[in-house]
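Each remark here refers to the structure printed beneath this line.
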Amino acid sequence: MSEQGGQVRPGAERVRLGMVGAGNISGQYLETISRLEALELVAVADLDLDRARAVAEPHGAAAEDLDGLLGRDDVDLVLNLTVPQAHADVSSAAIRAGKGVYVEKPFTADVASGREVLRQAREAGVVIGSAPDTVLGTGVQTARAALDAGQIGTPMSATATMIIPGHEAWHPNPDFYYQPGGGPLLDMGPYYLTTLVTLLGPVRQVIGAAGALRDERVIGSGPRAGERIPVTTPSHVTGALVHTSGAISTVVMSFDGAATHAAPIEIQGTAGALAVPDPNRFDGSVSLFRGGAGWQELPVAAGYREAARGYGIADLLWSGAFDGDPLRGRAQGELGLHVLEVMDGLLSSAESGRAVDMTTTAERPEPVSLSSAALI
């Protein structure tokens, strides 16, 4: 086990997981679970029981329906990998069963249900965590270390930019990405916004603008190739985030452009600037600009080495969230809910033409010192 320590039960050194949802994203979690001592898969549930068996059996886990999984005494935490519309219901059921929860992004499909899930977890005294955990890797954490060391002075502003053509060229069923609940902001925004909060702290107000370049898209691959699908949600969202620290971030999330040469995230300070790597990855190069020295790549200085999806759960264990203090750990539910409200606020502001004040907040997560977790 990692030197951080932490136990779920007396004498235990790992979190016993019940995975709900055996879709595409589950493979990335399974790869992490298979090599990380802190995690053990004991059961898998899915609406398609055959798919649950196909995922469970190679990992020595049981295939269950949801009630069966929640009734197991050997499940400490439910890994909720269902579709966003089911996040709240599955998380609430797990909490009622006395289980901890770690949910894929977004935290829930809407802010109201997210508040309720978080309230239930705190009332029950169980751990609740939320993806994305990419911010725990060496990329974002090296940038965080540079910020905390004052290498760019006082952070004043940031830009976060994602501009791609959209998913219909390669995805055989891209409808969801162009319907309410989808779009570039809710699809990819959690990575960028979680990074901005990790680096600059929580947000107190947002101002947004949004639109759609086209009212339909053409599927480019698979059995539906050539089919036209309607666009009923903004495919280009931009906005400003006013952080409680005073820094202001500018965000551009778009499915309407061909490409961009901009850094995924840049932080500007009174004495320099940082270029931060793709927040959808755990690693990547961080560059520092300070006066006449120009841009210089920084050595890896912080974060979990070789991290992958699921490290957020292990970090909750290592940080002591299962030792009677469920608020310990970095991938907390409060952060997931806060990021969800920021996204909802940007879309609401775009519709109303008015700034939106945030009603949630989240602690700026503790930094991750450079470490390599113990592997099986």
Side-chain angles (χ1 to χ4, degrees), residues 84 87 103-111 114 118 129-137 139-141 143-144 147 155 157-164 181-210 233-234 236-255 260 262-268 274 276-282 284 309 312 330-350 355-365:
H87 282 182
V103 61
E104 245 302 317
K105 57 85 181 171
F107 186 62
T108 57
D110 60 85
V111 175
L118 192 61
S130 176
D133 51 6
T134 47
V135 294
L136 304 181
V140 172
Q141 289 297 320
R144 169 70 180 268
L147 280 178
S157 63
T159 58
T161 308
M162 186 214 69
I163 299 176
I164 61 175
L185 182 62
L186 290 174
D187 178 36
M188 295 299 294
Y191 300 104
Y192 291 80
L193 298 177
T194 303
T195 298
L196 289 173
V197 173
T198 296
L199 296 177
L200 300 175
V203 176
R204 67 174 180 83
Q205 187 181 73
V206 302
I207 303 166
T233 199
H236 182 101
V237 181
T238 187
L241 317 180
V242 183
H243 296 263
T244 56
S245 66
I248 298 175
S249 296
T250 302
V251 177
V252 179
M253 300 280 114
S254 182
F255 287 161
T260 179
I265 294 177
E266 284 189 358
I267 311 292
Q268 307 293 330
L274 279 174
V276 184
D278 183 352
N280 192 24
R281 295 177 53 191
F282 288 83
R309 298 189 195 279
R330 299 170 179 88
Q332 278 287 335
E334 284 93 344
L335 180 55
L337 177 60
H338 183 55
V339 167
L340 177 63
E341 190 188 24
V342 170
M343 295 189 294
D344 181 75
L346 284 169
L347 294 174
S348 296
S349 174
V356 174
D357 293 330
M358 297 294 94
T359 61
T360 65
T361 191
E363 294 291 332
R364 185 179 182 230

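With sequence neighbours excluded, the residues forming a ring-ring contact (aromatic ring centres under 6.0 Å, His included) with Phe255 are His167, Tyr178, listed by chain and number. Taking the side chain to side chain donor-acceptor pair (under 3.5 Å) definition, one finds that Asp278 meets it with nothing, sequence neighbours left out. For Arg309, there are no salt bridge (Lys or Arg N to Asp or Glu O under 4.0 Å) partners at least two apart in sequence or on another chain. The salt bridge (Lys or Arg N to Asp or Glu O under 4.0 Å) search around Glu266 returns none, not counting sequence neighbours. The side chain to side chain contact (heavy atoms under 4.5 Å, CB included) search around Leu335 returns Thr194, Val197, Val339, Ala362, Pro365, not counting sequence neighbours. Under the rule for a side chain to side chain donor-acceptor pair (under 3.5 Å), the partners of Ser254 that lie at least two apart in sequence or sit in another chain are His236. For Ala210, the side chain to side chain contact (heavy atoms under 4.5 Å, CB included) test picks out Pro234, Val237, Ala350, with sequence neighbours left out. Judged as a side chain to side chain contact (heavy atoms under 4.5 Å, CB included), and not counting sequence neighbours, the contacts of Thr360 are Arg115, Leu337, His338, Glu341. Contacts of Arg204 classified as side chain to side chain donor-acceptor pair (under 3.5 Å), with partners at least two apart in sequence or in another chain: none. Taking Ala331 as the reference, Tyr102 meet the side chain to side chain contact (heavy atoms under 4.5 Å, CB included) condition, with sequence neighbours excluded.
A pairwise comparison of heavy atoms in Ala263 and Thr161 identifies O-CB, 4.1 Å as the closest pair. Ser130 approaches Gly336 most closely through the heavy-atom pair OG-CA, 3.7 Å. In this structure, Thr134 and Pro279 approach most closely via the heavy-atom pair OG1-O, 2.7 Å. Of all heavy-atom pairs between Ala247 and Ser157, the closest is CB-N, 4.4 Å. When all heavy atoms are compared, the tightest approach of Pro106 to Val103 is O-CG2, 4.5 Å. Ala240 and Ile248 make their closest contact through CB-CG2, 4.4 Å (heavy atoms, listed as atom of the first residue, atom of the second, distance).
The side-chain heavy atoms of Thr244 and Val203, taken from C-beta on, include no pair separated by under 4.5 Å. Residues Leu199 and Leu147 form a side-chain contact, since some pair of their non-hydrogen atoms from C-beta on lies under 4.5 Å apart. Contact check for Met188 versus Asn280: side-chain heavy atoms found under the 4.5 Å cut-off. Arg364 is listed as a side-chain neighbour of Arg144, based on a closest heavy-atom distance under 4.5 Å. Taking 4.5 Å as the limit, some side-chain heavy atom of Phe282 sits within range of a side-chain heavy atom of Asp133.
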Would you please test His87 and Glu104 for side-chain contact (heavy atoms from CB on, under 4.5 Å) and show each step?
CA-CA 8 Å; His87 282 182; Glu104 245 302 317; 4.3 Å; yes
Which is it for Thr159 and Ser249 under the side-chain contact (heavy atoms from CB on, under 4.5 Å) test, yes or no, and what are the steps along the way?
CA-CA 6 Å; Thr159 58; Ser249 296; over 6 Å; no
With side-chain contact (heavy atoms from CB on, under 4.5 Å) as the test, would you mind laying out the steps for Leu118 and Glu334 before giving the verdict?
CA-CA 7 Å; Leu118 192 61; Glu334 284 93 344; 3.8 Å; yes
Starting from the C-alpha separation in whole Å, work towards a yes-or-no answer on side-chain contact (heavy atoms from CB on, under 4.5 Å) for Asp344 and Asp110.
CA-CA 8 Å; Asp344 181 75; Asp110 60 85; over 6 Å; no
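Sorted by first and then second residue, the pairs that involve residues 183-202 and meet salt bridge (charged side-chain N to carboxylate O under 4.0 Å, His left out), not counting sequence neighbours, are Lys105-Asp187. A salt bridge (charged side-chain N to carboxylate O under 4.0 Å, His left out) check over residues 239-252, counting only residues at least two apart or in different chains, returns nothing.
From Ser349, atom OG reaches atom CG of Asp357 across 10.5 Å, with rounding to the nearest 0.5 Å. One finds the OG1 atom of Thr260 at 4.5 Å from the CD1 atom of Ile163 (value rounded to the nearest 0.5 Å). Here the CE-CG distance, from Met343 to Leu185, works out to 6.0 Å after rounding to the nearest 0.5 Å. We find the CG-CG distance between Leu241 and Leu200 to be 9.5 Å, quoted to the nearest 0.5 Å.
Just one residue in the list Ile265, Leu196, Val206 forms a side chain to side chain contact (heavy atoms under 4.5 Å, CB included) with Val251, and that residue is Leu196. Screening Val135, Leu193, Leu136 against Thr198 for a side chain to side chain contact (heavy atoms under 4.5 Å, CB included) leaves a single residue, Val135.
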